[in-house]
Amino acid sequence: MVRLMDCDPWKLSQSGRRKQDYGPKVNFRKQKLKMAGFQGLPSFSREVVRRMGLYPGLESFQPVEQCNLDYSPERGSAIDPHLDDSWLWGERLVSLNLLSPTVMSMCQEAPGSLLLCLAPSADPEAFRDSVIAPSRSVLCQEVEVAIPVPRRSLLVLTGAARHQWTHAIHRRHIEARRICATFRELSAEFRPGGRQQELGKELLQIALSFQGRPV
């Protein structure tokens, strides 16, 4: 998959990263988007998206955008603590971690709680048949939670982790080349029943044609 990514050009991004975007061009501040040049997700992601749907909680996940980020220790790559947009992008952010392990740092400055649970296996069939350890809520304030992200793992941010906790990758946690492919779904405004449902339908049809090149 990375070999196929490397067949297309990478653009320099902030904080020592390189990126490839497969999605509409968006001005989040003005809440406007342009579809010029958007031809869908890349063909090599079709099977990845299909396999995502095997996992509980991702059965209805339909990505409309894919962003590949290339991290390198030689470039001092990192990403600052941030929350992803919620005007266009929906509830779940799904990231596939490739080439090397890293650590995602989740931060919350205001008092809150973190729900902890343990999944027994990375295999969706084993996940479905196994007993999951009980979840528990932990009170916290001004805390940073370090989440190990193994090579070839899938990470889903949803709920409080999506909307209340910022996420970041520190430079010290990039020890070798790392590729992160993040998939985003549409928000309620662009889904059926939303104010811009027709535009959302068009975006999704293009995205899931899997004919895209980086824009």
| Between Asp80 and Arg171, is a salt bridge (Lys or Arg N to Asp or Glu O under 4.0 Å) present by the stated rule, with each step listed? | CA-CA 10 Å; Asp80 293 334; Arg171 286 180 176 85; 5.5 Å; no

| said: Hydrogens and angles aside, do Glu74 and Ser72 bring a side-chain donor and acceptor to less than 3.5 Å of each other? | reply: yes

| task | Taking atom CZ of Arg46 as the centre, report whether more than 12 heavy atoms of other residues, nucleotides or ligands fall under 6.0 Å from it. | result | yes

| Pair Glu65-Phe183, side chain to side chain contact (heavy atoms under 4.5 Å, CB included): steps then yes or no | CA-CA 6 Å; Glu65 192 251 13; Phe183 300 82; over 6 Å; no

Between [X] and [Y], is any pair of side-chain heavy atoms under 4.5 Å apart?
X      : Y      : answer
Leu93  : Val156 : no
Leu154 : Val94  : yes
Gln66  : Ser45  : yes
Met106 : Leu157 : yes

State, to 0.1 Å, how close [X] and [Y] come at their nearest heavy-atom pair, and which atoms those are.
X      : Y      : value
Leu204 : Pro63  : CD1-O, 3.9 Å
Glu144 : Cys107 : OE1-SG, 3.4 Å
Val215 : Gly37  : CG1-O, 3.1 Å
Ser105 : His170 : OG-CD2, 3.2 Å
Ser100 : Arg178 : OG-CB, 3.5 Å
Val103 : Ala146 : CG1-CB, 3.7 Å

| task | Verify side chain to side chain donor-acceptor pair (under 3.5 Å) between Gln211 and Gln39, making sure each step is shown before the conclusion. | result | CA-CA 6 Å; Gln211 298 177 5; Gln39 298 176 317; over 6 Å; no

| said: Could you go through Leu33 and Leu199, starting from their C-alpha distance and side-chain angles, then the distance that decides it, and tell me whether this counts as side chain to side chain contact (heavy atoms under 4.5 Å, CB included)? | reply: CA-CA 10 Å; Leu33 62 86; Leu199 178 56; 4.2 Å; yes

| message | What verdict does the side chain to side chain contact (heavy atoms under 4.5 Å, CB included) test give for Leu98 and Leu96, after you've listed the backbone C-alpha separation in whole Å, the side-chain angles of each residue and the deciding distance to 0.1 Å? | response | CA-CA 6 Å; Leu98 300 172; Leu96 178 63; 3.9 Å; yes

| Evaluation steps, salt bridge (Lys or Arg N to Asp or Glu O under 4.0 Å), between Arg162 and Asp84 | CA-CA 8 Å; Arg162 164 76 169 95; Asp84 278 40; 5.7 Å; no

| Applying ring pair (Phe, Tyr, Trp, His ring centres under 6.0 Å), which residue pairs with at least one partner in residues 194-215 are found, sequence neighbours left out? | none

| message | So that I can tick it off, tell me whether Asp70 and Lys19 are bridged by a salt bridge, with the cut-off set at under 4.0 angstrom between side-chain N and carboxylate O. | response | no

| request: State which residues pass ring pair (Phe, Tyr, Trp, His ring centres under 6.0 Å) with Phe190; sequence neighbours excluded, sorted by chain then number. | output: Trp87

| request: Give a yes/no verdict on a cation-pi contact between Arg92 and Phe61, requiring under 6.0 Å between NZ or CZ and the six-membered ring centre and an angle within 45° of the axis. | output: no

| said: What verdict does the side chain to side chain contact (heavy atoms under 4.5 Å, CB included) test give for Arg17 and Ile79, after you've listed the backbone C-alpha separation in whole Å, the side-chain angles of each residue and the deciding distance to 0.1 Å? | reply: CA-CA 8 Å; Arg17 304 187 307 274; Ile79 191 165; 3.5 Å; yes

| task | May I have all residue pairs that pass side-chain hydrogen bond (donor to acceptor under 3.5 Å, both in side chains) and include part of residues 199-210, sequence neighbours excluded? | result | none

